[in-house]
Number of protein chains: 2
Amino acid sequence: MTPLRRNVLALLVRAGEPIKAYDLLDQMRSEDGSAKPPTVYRSLDFLMDVGLAHKVEALNAYIACAHCHDKGGAELYICGKCGSVDERHGAPEPRNAPDGFETERSVVEHYGLCAKCR
Amino acid sequence: MTPLRRNVLALLVRAGEPIKAYDLLDQMRSEDGSAKPPTVYRSLDFLMDVGLAHKVEALNAYIACAHCHDKGGAELYICGKCGSVDERHGAPEPRNAPDGFETERSVVEHYGLCAKCR
DNA sequence: CTGCGCATGTGATATTATAACATAACGTAG
DNA sequence: CTACGTTATGTTATAATATCACATGCGCAG
Ligand SMILES: [Zn+2]
Ligand SMILES: [Zn+2]
Ligand SMILES: [Zn+2]
Ligand SMILES: [Zn+2]
């Protein structure tokens with residue numbers, strides 16, 4: 001965990017909601033000035049590899065993860081109004097899987113309204 | 001259903017697997033010449049609105065849909081080796097949903113190996 | 001010291017998607 | 001028929017997202 005990566009993680013955590021790569025980049029630039037797209041994408045890739053971040057596929061955005069994913073992938077509940085994300089896991093085995101399909105990675109994202117915003 | 005939209009749908013069906021918007025565009029151009037990005041994106045938006053196509057979020061690609069989605073969203077099983085997509089539905093209500101969360105739309109994509117490619 | 005592996009810096013470019021405005025096509029009220 | 005509103009399409013440009021390719025720095029094994 002290098003300073004650069006730690007910094008990116010800190011920004012993700014601070015955001016507290018899905019944040020776009022280029023918004024991260026802007027924040028980094030405002031402190032560092034030298035940050036460029038590969039800087040942030042590399043750090044995000046690293047953080048995702050080690051399980052400290054997720055990409056929210058349908059938003060092209062990224063979030064920090066403080067969960068344990070031993071038991072399976074993340075399941076995200078994303079409020080379209082306030083932007084909050086509630087991450088759950090232990091996402092169950094796909095029951096409708098075709099015969100013989102071997103799942104390596106699942107993307108599960110639910111979009112809607114959180115309890116507060118209904 | 002206009003000729004343009006029908007043509008885009010036909011190309012999606014013919015592809016038989018997830019296809020990128022700009023690949024569609026290339027195919028359209030090879031026949032029409034005048035096609036441009038908004039042409040294809042508008043048609044895709046229309047087809048998705050009426051339920052004849054889906055976006056595969058984690059691939060930024062699109063597929064035709066011949067299913068009935070009365071009972072819920074699509075659940076995609078995508079083979080990383082051969083590119084085939086098996087679409088299921090009746091995807092179950094999220095069981096881990098936070099209290100009070102009201103889901104409007106779900107993205108469920110499983111990546112792995114299909115039976116043939118294992 | 002030297003060579004190697006990995007992280008980062010840097011400039012350019014590729015890929016994906018939308019904005020903004022113009023034109024056409026089509027039905028309907030008058 | 002003509003004028004108008006609405007929807008679809010054409011066209012130009014640009015925004016937003018992501019990667020490539022190559023250079024540099026940095027820590028450590030030999
Ligand atoms: Zn997580
Ligand atoms: Zn909310
Ligand atoms: Zn479908
Ligand atoms: Zn396969």
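FYI, side chains are in, hydrogens and waters are out, and symmetry mates aren't considered; it's all heavy atoms of this structure. All values reported here derive from a predicted model rather than from experimental measurement.
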Checklist entry - Say you draw a straight line from CD of A:Q27 to CG of A:L12; how long is it, rounded to the nearest 0.5 Å? => result 9.5 Å
Item to check | A:R6 CZ - C:dA7 C1' separation (whole Å) | outcome: 14 Å
Distances under 3.5 Å between protein N/O atoms and the N/O atoms of nucleotides 5-8 of chain D, please, pair by pair.
| unit_1 | atom_1 | unit_2 | atom_2 | d |
| --- | --- | --- | --- | --- |
| D:dA8 | OP1 | B:R5 | NH1 | 3.2 |

Item to check | Separation of D:dA18 C1' from A:L24 CG (nearest whole Å) | outcome: 14 Å
Next on the checklist: Treating B:R118 as the side-chain partner and A:E102 as the backbone partner, does any N or O pair qualify as donor plus acceptor under 3.5 Å?
Outcome noted: no
Checklist entry - Just how far, in rounded Å, is C1' of D:dT11 from NZ of B:K36? => result 6 Å
Checklist entry - To the nearest 0.5 Å, what is the distance between OG1 (A:T39) and CZ (A:R5)? => result 12.0 Å
Checklist outcome for this item: To the nearest angstrom, the CD-P distance between B:E57 and D:dA18 comes to 12 Å
Checklist outcome for this item: Axis-to-axis angle for the helix from C:dC1-D:dG30 to C:dG30-D:dC1, ends of five pairs each, to 10°, equals 10°
Checklist outcome for this item: Counting primed atoms, P, OP1 and OP2 as sugar-phosphate and everything else as base, the B/S/- map of nucleotides 15-25 of chain C against protein heavy atoms under 4.0 Å is -BBBBB-----
Checklist outcome for this item: Taken to the nearest 0.5 Å, the spacing of B:N96 CG from A:D86 CG works out to 10.0 Å
Checklist entry - Any idea which heavy atoms bring A:E109 and A:A58 closest together, and the distance? => result OE1-N, 3.1 Å
Item to check | Test item: A:R88 side-chain N/O and A:E75 main-chain N/O as donor-acceptor pair under 3.5 Å | outcome: no
Checklist entry - For A:R29 and C:dT8, what is the distance between atoms CZ and P respectively, to the nearest whole Å? => result 17 Å
Checklist entry - Rounded to the Å, how far apart are B:N7 CG and D:dT9 C1'? => result 14 Å
Checklist outcome for this item: note: A:D49, atom CG; C:dA7, atom C1'; distance rounded to Å ~ 14 Å
Checklist entry - Whole-Å distance between D:dA18 P and A:I19 CD1? => result 13 Å
Item to check | Test log, rule side chain to side chain contact (heavy atoms under 4.5 Å, CB included), inputs A:L11 and A:I19 | outcome: CA-CA 9 Å; A:L11 290 172; A:I19 182 170; 5.8 Å; no
Checklist entry - Rounded to the nearest 0.5 Å, how far apart are OH of B:Y41 and NZ of B:K36? => result 15.5 Å
Checklist entry - Is the number of heavy atoms from other residues, nucleotides or ligands under 6.0 Å of B:D99 CG greater than 12? => result no
Next on the checklist: Does either side chain, that of B:H110 or that of A:T103, offer a donor lying less than 3.5 Å from an acceptor on the other one?
Outcome noted: no
Item to check | Output field: ring centroids B:H54/B:H67 closer than 6.0 Å | outcome: no
